[in-house]
There are 4 protein chains.
Amino acid sequence: MRSPIPDYLQEVLAACAPATGAVADYIPELAAADPDRLAICIATPDGAVYTAGDTDVEFTIQSMSKPFVYALAIADLGLKGVLAKVDVEPSGEAFNVISLEEESGRPENPMINAGAILTHSLVRGADDEERFERILEMFSKLAGRELSVDEEVFASEWSTTHRNLAMGHMLKAVGVMEADPVRVVRGYVRQCAIKVTCRDLAVMAATLAGGGVHPVSGERLLSREVTRQALSVMTTCGMYDAAGDWVTTVGIPAKSGVSGGILGALPGQVGLAVFSPRLDVHGHSVRGVEVFGRLSADMGLHMM
Amino acid sequence: MRSPIPDYLQEVLAACAPATGAVADYIPELAAADPDRLAICIATPDGAVYTAGDTDVEFTIQSMSKPFVYALAIADLGLKGVLAKVDVEPSGEAFNVISLEEESGRPENPMINAGAILTHSLVRGADDEERFERILEMFSKLAGRELSVDEEVFASEWSTTHRNLAMGHMLKAVGVMEADPVRVVRGYVRQCAIKVTCRDLAVMAATLAGGGVHPVSGERLLSREVTRQALSVMTTCGMYDAAGDWVTTVGIPAKSGVSGGILGALPGQVGLAVFSPRLDVHGHSVRGVEVFGRLSADMGLHMM
Amino acid sequence: MRSPIPDYLQEVLAACAPATGAVADYIPELAAADPDRLAICIATPDGAVYTAGDTDVEFTIQSMSKPFVYALAIADLGLKGVLAKVDVEPSGEAFNVISLEEESGRPENPMINAGAILTHSLVRGADDEERFERILEMFSKLAGRELSVDEEVFASEWSTTHRNLAMGHMLKAVGVMEADPVRVVRGYVRQCAIKVTCRDLAVMAATLAGGGVHPVSGERLLSREVTRQALSVMTTCGMYDAAGDWVTTVGIPAKSGVSGGILGALPGQVGLAVFSPRLDVHGHSVRGVEVFGRLSADMGLHMM
Amino acid sequence: MRSPIPDYLQEVLAACAPATGAVADYIPELAAADPDRLAICIATPDGAVYTAGDTDVEFTIQSMSKPFVYALAIADLGLKGVLAKVDVEPSGEAFNVISLEEESGRPENPMINAGAILTHSLVRGADDEERFERILEMFSKLAGRELSVDEEVFASEWSTTHRNLAMGHMLKAVGVMEADPVRVVRGYVRQCAIKVTCRDLAVMAATLAGGGVHPVSGERLLSREVTRQALSVMTTCGMYDAAGDWVTTVGIPAKSGVSGGILGALPGQVGLAVFSPRLDVHGHSVRGVEVFGRLSADMGLHMM
């Protein structure tokens, strides 16, 4: 018997309004993305993967890398060690303010850039090369294929990443980060430039949904405690200052990236990803938000 | 066959460390509470109620009234109308700052006092008497028994509620609240002084968990959409500035009150309540937090 | 020999561009002011008073009352006692935020409303009636004539003064103000509704400029220490969030009111006042700012 | 006839309580300063210089360089051009927050580090070497002798100046600074490491007090408008978050440095400097604040 899901996804795809919003253009390499790409992918913890649209087009993972590196840092250092450095509280973060917690100097959570940079620095490694290699290797395992870096996006971001460098130096200045800020930020920018497809993201998300077990290989990549922590933080902090709105309307732990992807993971049930490069004012994919809303409603995926 | 739950709850009760922390003492009526009371109650959507400890001692509902009045306001005015007045984003609210959203003047969410006061004003009623009567009637239906007000607690809070009056006047000043601020705050303080037991709270929470259907009477008191909204907001905003910590460690949508109660509702599964008057620095019941953590772990109640 | 100053003031008056900006309209009584009134007045510590334009038109003193009530509170309670309750640091104060200093709960300075309300409460008096009478009496002495309250402006402001009531209750809530907040705010609103002319303001300012000695009567109304404190606070906090801009461009300690007046006092030299009801976005009189700038430049009145 | 001032200064020196507080120790080179040094110097615009104590001991100028570089930037670029980049409003700046004005991205004033870094970048120069040389040359003219850099302090600060680098990158990120942030911060740190004596500072301050004319050489180094702007900004922003307190109690436009110096300039009257390395919690010299207070009171130097 054939699953009705592929037909449904095609229908969602077809029903999508023509994209509005603009592609991220702070570096030319992102601005060059075809703005009308659209892909939807659903992966279940038992390994079924359903796709529609441009699911094999590669783009950079950007901020969608954050929950996975957070998971890796916890696996390396323990939850307590990571919490001592990065808190888990929701936070608005305006473009021209760097705000760390008053007494501890901790970034408010690992989903904002300051927290993600510090989290990157906590991944084990003899030096920044090894740290990055471990991240790339883990992402490849999660995706089920060998991933690589978009060197042009990396080079372009690296040459203009003053805001991230400001954060790196500030984390060093307040004493909460030990490693060299320039090297850490370089590694973080490199982490954001790893290339994935919409299918990769759905499979990666399905590993979170499945409590750490890879949906295809069946290999345990993360402990249950680690995925629970990552999903919890995605719930309260994953969609930045629209976090509350997202939880009420969509109700799926999620993370978006400026390249136009959004990934979501409903515990025990399903990993999802949508890719469409045009962004709204929050920096989320316009059609990504739309499709997530529709999938949540149609398939009853709201957590509550 | 006998359920093992009662024995388990007795065991949890017995294992609880002697309470630390201090009872709320900003009014003498709260300070007079027996600090060593302890009650645990679990109610399932199909009507089973399990209790241990002082489950029939009455105390004032305080902030645990907020999600239910929010639900009532949405039922009365529609979700869109309520969202136009009160946002759903997490917020830290320090003791000496009143902060409303910059452009809209909206309180950040209905779980902080400013938002709860405004939400109270949105409940339908020809005047403030009727508004309060409708709230009391709805709470009585949710609890499955006729509730009443602790007039001494009300009188005492009302005579010292300068902070809430400050908020009421501010909401009026920025134009987001139409009703008379003194009358609204009076009604809100009265709402907080409704007397409940730990058992009442668990049954009320079970109605949220059950999508709006009362676990005992089987009557539909709230729509599924309304309970989803209330539970979502409890998830991101219910435990104030410890919201992120609560989601990661306990993972049950919850609301606490300064009288020492905490109620929680896991969608589709269970309503819970704990009562123990000694509070931590966040104003949450110390043993309430402890018991919720234990129940979440032992019974696998974490959302993620 | 005739002073050339009157001719100069007439020239400044004539050179003033037609007023732009709108008259304050948050209550109808202020909106009814003739928007094209213009008055300029200069008073020297030795009693010379030069005027041009509508210098005998009465309007309400509004926030220009603040430095004088601050002076009275210090005379009554001592500088140390007042500083324990109200700080002297500059502050931006947005319309929808009430912010008090984190540990002390003190308003940041006596020129913002929160600080002015608290300062009002510090004036000695058996009750709020006596407190107000002492303020009115002192203002009358400073102006050199019997002043009175605009009862219509008072009644109108009092019925709509939710923002000030919010502040009053907050000051009470954090414990920094002892008196009843509703009575204090009532007295403060009444203080703001005292009627003055442009000439009155210049003479009052000249007393500050003259170290506390009245320019006409020669009577010492305030000590040198008290006027120094008032002038210092006017320098750093008198013009709200445009304080730095005012010090650099005009360089005269000053205070403006929403009725369209600005008064200034250059220590040892001169008291000035301008009246023109149309306001800029900061709530300062448009032509008041213009005339002050011109007088500062032409007459070399910049402090630096 | 002999001036009584030297005897008076000796008396002030002798009356100074033994210093309390700790020398700045964020780099070893500053921590090595002799904590018990004490110097007082007064210079009048007509060239008289009075000294007491260790007035020829060299130390680094640190933040006391800020008003002079601000003056130079205005001389180079015009006041309007500088105001477009750096505002003149007072600001509290906490250690772990970088805050720029919301719309413009401008630092709030040129006395906080962010503003001083941006101001440094506005000094004319073909490259950062020339920019620095012009600053050193101007400082030498102001001091009346050839100044040089403390290369050890510079090297040590440069290797640990993460907070300033954070600000530099942030200024670049928001687009308000054009130059390369690493080079600008390097130049700024070098500017702070210029060696001066207490006598140098008093003479430099006297040039500000004298409207831009050097007290000894009689050469005009700055225009009257430029010195007025620098003095105005010192008045409202020179002493950081203690600005209001300083204006009320001391009343002399001033700037302090973490090396233990404070310089002040009373327009038309006098330049002053005190050096004593032990600091209070605001980072101001403890005995510097004490001596300034005494000089202000004894010599009637309060602006008001």
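Computation of the quantities below employed the complete heavy-atom set of this structure, encompassing side-chain atoms and omitting hydrogens, waters and symmetry-equivalent molecules. All chains are named by letter (A, B, ...) in the order of the sequence lines, taking the proteins before the strands, and each is independently numbered beginning at 1.
Under the side chain to side chain contact (heavy atoms under 4.5 Å, CB included) test applied with C/T248, the options D/V88, D/T235, D/L231 reduce to a single match, D/V88.
Here the closest heavy-atom approach between residue D/D245 and residue C/E89 is recorded as N-OE2, 2.9 Å. Residues D/P90 and C/G244 share a closest heavy-atom pair of CD-N, 4.2 Å.
Contact count against chain D (heavy-atom pairs under 4.5 Å) is highest for C/H302 among C/Q229, C/H302, C/M303.
C/E225 CD to D/M304 CE: the interatomic distance, rounded to the nearest 0.5 Å, is 15.0 Å.
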